[in-house]
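Count residues from 1 along the sequence.
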Amino acid sequence: MNFADLKIMGDMVDDIDRISELPPFIVHQIMSYLSANEVAQTSILSKRWHCLQRSFPILDFDEAYTHFMSFSYPIFFRRKRGRFRISIEKFIEYIDASLIRFCELKLSMQKFKLLISLLDIQESSSVLDKWIGLAVDSAVKELDFDVRTLRDSVYTLPQITFSAKLLTTLKLASCKLEQPSDTIRFHSLKSITLNYVCISEGMLQKLTSECLLLEELFMLDCWGMKYVHVSEAHKLKIISIYFSSNELESVKIVVPSLQQLLLSSSNPQRRPVDISGCTKMNTLELAGFTFTDQEFHHLISKCPLLENLKVISCHSLERLVISSDRLKNLSIVTCSDLKAIDIDTPNLVSFTYLSNPVPISSKIKAPCPWKVDLENKDDPDTQWYVSIKEFIGVSNQIEDLTLHVTSERISFNLDEFRSSLPAAPCEVGNLCVEINAPTSNYAAFLDGVLNVCYPRTLSVLKTRETHNNLVEWLYKKMMNRDANCCNSYDVKCWRHYLKDFMIGGFVPDGSQKCFRIDKLIEVLPKIPKGTFLFHLDWCFTEAECCAEKA
C-alpha cells in the first residue's frame, strides 16, 4: 500500500468517513509502511489522521542536503553556504518541535532516525545530545543516527546513549563512540551497525561482551582500531566487517555461537586472521585478504561445519585445497594468482568460479551445477582453449560458461587442438561470450569456443557498437555453415553436429525481459546495450546425425 492508494480510499468514503474510525494502532501500522513524506501527506485523509501523526512512534528525519555533503561539498558550499545554513536551521527547529511534541505525550518511541549534515559540529552538539536524551527517555527501540560533517570534525555520542535499556537496534554513521566508564546498559540490544564510526578496540570489546542479547554486528570502514578482537559474545550469530584502512593489524574472532562471518578488506596488506574460536560457523566470506596457501588451508580447517564459502580477491593464493563433506555452496572469485585447485566436496549444491585464471591443474569432485567466468587479455592461443576444456571437462553440469576475450590476436589452431585433446566437447547450458577483437579473429574464436563445448544457449554481450559486427557475422556464419571441412577426423568440428540455430531474443541491460527479434540484421543498428540470445540444437554422434538426415 502507498499514499496514492490511501488517497483513493479517502475519496471513496466522503459520505461515510470510515477511514477516520480506524483505531490508532491500525493507523500507525499503516503509516509504518510509508515514507516520512507520505506520512506527512496523510493529513489530507482526515483531521483525525492529522492528529495521529503526532503520536506516530516512528520519527524519521532525512535532510536533503546530505547528498552534497558526500559527493560535491567543496563546490556546493562555495556557492550555497548561506542557503544551506538557513535550511539546516529550519530543519533543526522542525526536528526539535516534533520530538518535544511527541515526548509530551509520554509514549514509547519505536524508532528515531536522523540523517543530517552540519557545517559546525561544535554549534550543534548540544541539540543532538538533547535529541538522543529525549529518545532514550521515551524508551526508544531503534536508533539510526547519521551525522555528516565537514572533513575532520566528528560528532561524539553522549554517554546517555548507553542507558537505553529497551534499545534493540543501533545504527550509527559518521560519528564517534567513546568508551563509557560505567557498564553499558543495552539490555535488549540485538543488532549493531557501525558505518564510518571512530571506535577503539576496548570500546568494541565492551560493546560485544556487555550486550548480552547481541546477535548481529555490522561494521563498514570504522577507524581508530589496530585490531578487531571479538569474544565473550555468547549469542552473536552474524558478524560482517569491511575495512579499507591500513591501520588494522589483526582480526581475532572467538565466538562459539557465530553462524555467519564476512571479512572484507580493500587493503591487501598481510594481517593475521584467527577464527578458530568459531566452531559452529556455517557461512564464511573472505574478500581482499593476503593469505599463503598454508594459512588459508589452516583457517578453513578450523571450521568443520562450513556449508557456504566465498573466497574473493585473495590474490596471493596459488593452490586452493578444500575438502569437506558438509560444504554446499562454494564461490571462488577474482583470485588472480590461482594456478591449481583441489576440491573434494561430494555434497556441493553450487560451484561458482568467476574471473580467475584457468587453473593449470585441477582435481574437482563437485557433482553440482557450475558457473564459470574466464577472461583472457593476452593471446588466447590453442593451449588456453585446451586448458578450459580440461578444466570444465570433469563436470557434466556446466550451467553457465562465460568467456571474455580482449586480445587483438587469437591464434587458435584446430589441428593443434585436436592433437592435444581429441575428446568430444562437453555439453553446457549457457555459453556467454564477449569479444573485443578485430573481425578477422572471429572465426578462430568461434572455432575455439565451440570445440570446447556445445551450448544449448549462446549469449552474446553487446557492450559497445562494434559488437554489432560480431552479432551480424555470427548470425550469417551459423545460418550458412559449411560442414565439408573435416570428414577424415573421428571427432569433427562443431559444424557437423549443429542441427539448428535460432534467434532466442534480446535482453537489454538492466532488464530481465527478453524481447523477440524477427529481422535481426535490419534492427541490429537500433538495438541498445544488452545480450543477444541464440538457441542451438545439437546431435552428439554421427549415428544421430545420419538418422536425422534420413
Side-chain angles (χ1 to χ4, degrees), residues 216-221 228 230 236-244 251 253 255 258-268 270-271 273-276 278-359 362 364-375 391 395 397-402:
E216 300 176 344
L217 173 64
F218 304 95
M219 299 176 67
L220 171 64
D221 264 349
V228 170
V230 180
L236 198 55
K237 296 179 181 178
I238 301 173
I239 295 179
S240 176
I241 301 176
Y242 172 86
F243 51 91
S244 58
V251 177
I253 313 291
V255 183
L258 197 67
Q259 297 177 7
Q260 299 180 31
L261 175 62
L262 185 156
L263 295 176
S264 179
S265 169
S266 61
N267 189 307
R270 184 179 297 277
R271 52 177 63 85
V273 175
D274 183 357
I275 56 175
S276 58
C278 306
T279 54
K280 296 181 180 179
M281 185 165 56
N282 60 44
T283 299
L284 175 62
E285 180 174 331
L286 298 168
F289 280 84
T290 301
F291 296 117
T292 65
D293 298 345
Q294 293 78 15
E295 287 171 341
F296 178 80
H297 182 69
H298 177 75
L299 197 72
I300 299 302
S301 67
K302 299 298 182 180
C303 308
L305 302 183
L306 269 187
E307 295 183 358
N308 309 289
L309 175 62
K310 287 185 179 181
V311 184
I312 304 172
S313 299
C314 293
H315 298 296
S316 59
L317 288 177
E318 296 185 357
R319 181 179 183 84
L320 196 63
V321 179
I322 299 173
S323 179
S324 172
D325 291 336
R326 298 185 65 95
L327 201 63
K328 294 181 180 178
N329 300 289
L330 174 62
S331 295
I332 305 170
V333 182
T334 324
C335 296
S336 58
D337 288 345
L338 204 57
K339 296 179 175 63
I341 53 178
D342 188 343
I343 298 173
D344 185 5
T345 51
N347 296 310
L348 208 63
V349 175
S350 69
F351 175 47
T352 302
Y353 189 86
L354 303 181
S355 302
N356 308 294
V358 183
S362 59
I364 304 176
K365 184 178 181 182
C368 65
W370 290 21
K371 292 184 179 181
V372 178
D373 185 319
L374 302 170
E375 181 177 7
F391 173 48
S395 173
Q397 297 190 64
I398 306 297
E399 185 177 346
D400 285 288
L401 173 62
T402 301

Over all heavy atoms of both residues, which pair between S316 and T292 is shortest? Give the atoms and the distance, please.
OG-N, 4.4 Å
Side-chain donor/acceptor pairs under 3.5 Å, residues 259-266, sequence neighbours excluded:
from : atom 1 : to   : atom 2 : distance (Å)
S265 : OG     : N267 : N      : 3.0
S265 : OG     : N267 : O      : 2.8
S265 : OG     : R271 : NH1    : 3.3
S266 : OG     : Y242 : OH     : 3.3

Around atom NE2 of H297, are there more than 12 heavy atoms from other residues, nucleotides or ligands closer than 6.0 Å?
no
Would you call K280 and C278 a side-chain contact if the rule is heavy atoms closer than 4.5 Å?
no
Taking it one step at a time, do V228 and F243 satisfy side-chain contact (heavy atoms from CB on, under 4.5 Å)?
CA-CA 11 Å; V228 170; F243 51 91; 6.0 Å; no
Taking atom types as modelled, find out whether D325 and N347 have a side-chain donor-acceptor pair closer than 3.5 angstrom.
no
What I'd like to find out is whether the side chain of L284 reaches to under 4.5 Å of the side chain of I300, using heavy atoms alone.
yes
Distance in Å, L330 CG paired with I343 CD1, rounded so as to fall on 0.5 Å steps:
5.0 Å
Counting N and O atoms only, with roles assigned by atom type, does the side chain of T334 sit under 3.5 Å from a partner on the main chain of I312, one being a donor and the other an acceptor?
no
Test your reading of the model: is there a side-chain donor-acceptor pair from N356 to the backbone of L338, 3.5 Å cut-off?
no
Atom CG in L309, atom CZ in R326: separation rounded to 0.5 Å?
14.5 Å
Any heavy-atom pair between the side chains of L320 and C335 that's under 4.5 Å?
no
In Å and rounded to the nearest 0.5 Å, what is the CZ to CD1 distance from F218 to I239?
10.0 Å
Crowding at NZ, K310 (>12 non-hydrogen neighbours, <6.0 Å)
no
Look up atom CD in E399 and atom SG in C368, then write down how far apart they are to the nearest 0.5 Å.
9.5 Å
By salt bridge (charged side-chain N to carboxylate O under 4.0 Å, His left out), E295 pairs with (sequence neighbours left out) R270
Salt bridge (charged side-chain N to carboxylate O under 4.0 Å, His left out) partners of D342, counting only residues at least two apart
R319
Report yes if some heavy atom in the side chain of L299 is under 4.5 Å from a heavy atom in the side chain of F289; otherwise report no.
no
Residue pairs, two or more places apart or on separate chains, that pass salt bridge (charged side-chain N to carboxylate O under 4.0 Å, His left out) and touch residues 283-293
none
Measure across L327 and N308 and return the closest heavy-atom pair with its distance rounded to 0.1 Å.
CD1-N, 3.9 Å
Quick one: are F351 and S395 in side-chain contact, heavy atoms under 4.5 Å?
no
To check you understand the geometry: which heavy-atom pair defines the closest contact between T345 and P367, and what is its length?
O-CD, 3.7 Å
Over all heavy atoms of both residues, which pair between G288 and C314 is shortest? Give the atoms and the distance, please.
N-SG, 4.3 Å
CD1/I341 to OG/S362 distance, rounded to the nearest 0.5 angstrom?
5.5 Å
I'd like to know if the side chain of D344 and the backbone of K365 have a donor-acceptor N/O pair within less than 3.5 Å.
no
Do Y353 and L374 come close enough that some side-chain heavy atom pair is under 4.5 Å?
yes
Just so I know, are the side chains of F391 and I364 near enough to count as touching, which here means a heavy-atom distance under 4.5 Å?
yes
State the OG1-CG distance between T283 and L305, to the nearest 0.5 angstrom.
11.0 Å
For S276, enumerate each residue passing the side chain to side chain donor-acceptor pair (under 3.5 Å) test, keeping only those at least two apart in sequence or located in another chain.
D274
Contacts of S301 that satisfy side-chain contact (heavy atoms from CB on, under 4.5 Å) - sequence neighbours left out
H298
